[in-house]
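The structure appears below as structure tokens.
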Amino acid sequence: MNDIQAFLAVAKEKSFTRAAARLRVSPSALSHTLKNLEARLGVRLLTRTTRNVAPTEAGERLMQSVGPLFEQINAEIDKIGELRDKPAGTIRITCSDDAAEQLLRPALPAFFKAYPEVNVEIAIDYGFTNIVEQRFDAGIRLGESISQDMIAVRLGPDWRLSVVAAPAYFAERPVPVHPQELTQHQCINIRHSIGGSVYAWEFEKAGRSMSVKVNGQLTVNSNIHILNGALDGIGLACLPDFMAKPYIESGQLQEVLVDWCPYFSGFHLYYPNRSDTSPAFAAFVNAVRYTGK
């Protein structure tokens with residue numbers, strides 16, 4: 001049984017090195033195990049080259065016949081492990097850094113204290129990560145961006161965009177009163193993913209919507225760095241209002257175009273529509289769920 005599991009790991013990873021790391025054995029020991037299995041079965045299961053490993057026809061047949069059975073066994077064992085007194089395991093979440101700061105950070109201390117056997121892994125990503133393919137338990141996005149085949153749980157209230165800059169920036173430049181005037185200013189851009197386009201700032205007033213492609217010397221992929229750039233006087237920034245509010249109140253930032261800045265439906269936790277969520281994940285959802293307070 002252990003030898004077959006070793007074969008399935010190599011066939012899936014198509015690499016002795018990656019499979020060995022996953023199984024926590026040395027590549028040489030794993031290779032020896034597979035050779036013994038092939039000798040016992042009397043057939044070659046893997047085709048090996050200097051760069052690649054691929055299953056043979058016999059190997060493919062073994063994968064298709066026993067692979068699902070092993071997955072079912074592992075799934076059932078995991079469910080048994082979840083019957084302990086307290087939830088346990090690792091929860092993997094993908095989200096932007098501003099969502100992590102605003103929504104997850106305040107909830108985590110109490111959550112970890114209540115569930116000491118639960119670990120949370122947060123991967124910061126502004127792109128539209130496929131949580132199923134990347135094996136995340138859940139992600140965080142704006143409500144209108146979530147696919148209908150996902151379960152969505154609200155994490156916070158609606159919020160609007162806020163266009164801000166340091167007072168020192170406006171000491172040498174006129175304050176914009178219309179979004180189109182932003183093209184004459186230094187603005188801090190954001191590119192959500194490496195291969196994606198630069199975000200065009202969105203505006204809305206009296207039922208009229210528009211987007212403006214702004215220019216500037218600084219482009220980043222994080223709202224936190226946009227905020228820091230605005231505080232440093234580099235240029236105008238377009239941020240969620242909850243990030244800008246403390247600095248507006250302290251006088252470190254000045255807000256403009258308030259009547260043009262649209263509202264969004266707030267951040268939501270989203271995850272696949274399934275009934276077998278773990279107790280650990282259910283506890284996490286309850287801990288971060290928005291209660292309206």
Side-chain angles (χ1 to χ4, degrees), residues 91-106 108 120-147 150 152 155-156 158-166 169 176 179 182-183 185-204 210-248 252-253 255-257 260-271 288:
I91 300 168
R92 300 185 69 233
I93 306 294
T94 176
C95 65
S96 58
D97 49 7
D98 53 338
E101 181 74 13
Q102 177 73 11
L103 304 169
L104 299 185
R105 183 182 177 188
L108 288 179
V120 176
E121 178 182 338
I122 301 172
I124 300 302
D125 186 1
Y126 273 81
F128 290 93
T129 302
N130 187 317
I131 61 172
V132 176
E133 289 184 358
Q134 299 299 318
R135 298 183 181 180
F136 285 101
D137 293 289
I140 298 176
R141 287 184 191 168
L142 293 176
E144 58 259 31
S145 303
I146 297 174
S147 173
M150 292 283 175
L155 301 184
D158 292 351
W159 53 265
R160 66 173 176 83
L161 289 173
S162 180
V163 178
V164 294
Y169 174 85
L182 293 172
T183 58
H185 284 263
Q186 280 284 330
C187 297
I188 304 170
N189 273 306
I190 186 167
R191 191 189 303 274
H192 292 124
S193 60
I194 294 175
S197 59
V198 171
Y199 169 70
W201 292 14
E202 299 175 70
F203 297 97
E204 182 180 303
M210 70 169 60
S211 59
V212 179
K213 290 188 176 182
V214 298
N215 301 308
Q217 293 177 274
L218 178 63
T219 300
V220 298
N221 70 338
S222 161
N223 277 335
I224 289 179
H225 293 301
I226 289 179
L227 173 62
N228 291 337
L231 290 170
D232 293 340
I234 292 175
L236 283 152
C238 186
L239 293 164
D241 59 353
F242 58 80
M243 292 186 70
K245 183 178 178 181
Y247 302 96
I248 296 171
Q252 293 175 270
L253 292 176
E255 188 173 21
V256 298
L257 301 174
W260 278 96
C261 292
Y263 275 85
F264 293 91
S265 60
F267 286 116
H268 289 65
L269 186 80
Y270 68 98
Y271 54 95
V288 299

(message) Once rounded to the nearest 0.5 Å, what's the spacing between atom CG of L142 and atom NE2 of H268?
(response) 9.0 Å
(message) The criterion is side chain to side chain contact (heavy atoms under 4.5 Å, CB included); which residues satisfy it with L227, sequence neighbours excluded?
(response) L231, L239, M243, Y247, L253
(request) May I ask you to check whether over 12 heavy atoms, not counting those of Q217, lie within 6.0 Å of atom CD? (result) no
(message) Looking at every heavy atom in both I146 and A152, which two are closest together, and how far apart are they?
(response) CD1-CB, 4.0 Å
(message) Any heavy-atom pair between the side chains of L236 and V214 that's under 4.5 Å?
(response) no
(request) Look only at the side chain of H192 and the backbone of I190, and say whether a donor-acceptor pair between them is shorter than 3.5 Å. (result) no
(message) Which residues pass the side chain to side chain contact (heavy atoms under 4.5 Å, CB included) test with D97, not counting sequence neighbours?
(response) I124, Y126, S222, I224
(message) Could you check whether any side-chain heavy atom of L257 comes within less than 4.5 Å of a side-chain heavy atom of W201, counting everything from C-beta outward?
(response) no
(request) To the nearest 0.5 angstrom, please state how far the CG atom of L104 sits from the CD1 atom of I93. (result) 7.0 Å
(message) Quick check against the 3.5 Å criterion: does S162 have a side-chain atom that pairs as donor or acceptor with the backbone of A244?
(response) no
(request) Only counting residues at least two apart or in another chain, list the ones meeting salt bridge (charged side-chain N to carboxylate O under 4.0 Å, His left out) with D158. (result) R154
(request) Please work out which of the three classes, parallel, tilted or perpendicular, describes the rings of F264 and W159, given edges at 30° and 60°. (result) tilted
(message) Y169: which residues meet the ring pair (Phe, Tyr, Trp, His ring centres under 6.0 Å) condition with it, sequence neighbours left out?
(response) H185
(message) Quick check: do R92 and T94 have side-chain heavy atoms less than 4.5 Å from each other?
(response) no
(request) Quick one: pull up OH in Y271 and CG in D137 and give me the separation to the nearest 0.5 Å. (result) 11.0 Å
(message) Applying ring pair (Phe, Tyr, Trp, His ring centres under 6.0 Å), can you list everything that pairs with W260, at least two apart in sequence or on another chain?
(response) H178
(request) Output every pair passing ring pair (Phe, Tyr, Trp, His ring centres under 6.0 Å) with a member in residues 211-236, not counting sequence neighbours, ordered by first then second residue. (result) none
(request) Locate the shortest heavy-atom distance separating R191 from S197; write the atom from each residue and the value. (result) CG-O, 3.8 Å
(message) The criterion is salt bridge (charged side-chain N to carboxylate O under 4.0 Å, His left out); which residues satisfy it with R141, sequence neighbours excluded?
(response) none
(request) Could you pull out the closest heavy-atom pair between C238 and L161, with the gap in Å? (result) SG-CD1, 3.8 Å
(message) Test of understanding: with side chain to side chain contact (heavy atoms under 4.5 Å, CB included), list the residues that count as partners of A166, not counting sequence neighbours.
(response) none
(request) Name all residues meeting the salt bridge (charged side-chain N to carboxylate O under 4.0 Å, His left out) criterion together with E101; count only those two or more places apart in sequence or in a different chain, and write none if there are none. (result) R105
(message) Tell me which one of I226, V198, N215, N221 satisfies side-chain contact (heavy atoms from CB on, under 4.5 Å) with N189.
(response) V198
(request) First locate atom CD of E204, then atom CE of M210, and finally report the distance between them rounded to the nearest 0.5 Å. (result) 11.0 Å
(message) Please enumerate all residues that pass side-chain hydrogen bond (donor to acceptor under 3.5 Å, both in side chains) together with S211, with sequence neighbours excluded.
(response) none
(message) Do P176 and V163 make a side-chain contact, defined as non-hydrogen atoms from C-beta onward lying under 4.5 Å apart?
(response) no
(message) If I compare all heavy atoms of G235 with all of I188, which pair ends up nearest, and what's the gap?
(response) O-CD1, 4.0 Å
(message) Quick check for you: to the nearest 0.5 Å, what is the distance between S147 atom OG and N130 atom CG?
(response) 10.0 Å
(request) Please identify each residue that fulfils side chain to side chain contact (heavy atoms under 4.5 Å, CB included) with A99, with sequence neighbours left out. (result) C95, S96, L103, I140, F267
(request) Apply side-chain contact (heavy atoms from CB on, under 4.5 Å) to the pair F136 and D125, showing each step before the final yes or no. (result) CA-CA 12 Å; F136 285 101; D125 186 1; over 6 Å; no
(request) Could you tell me which residues satisfy ring pair (Phe, Tyr, Trp, His ring centres under 6.0 Å) with Y263, sequence neighbours excluded, listed by chain and number? (result) none
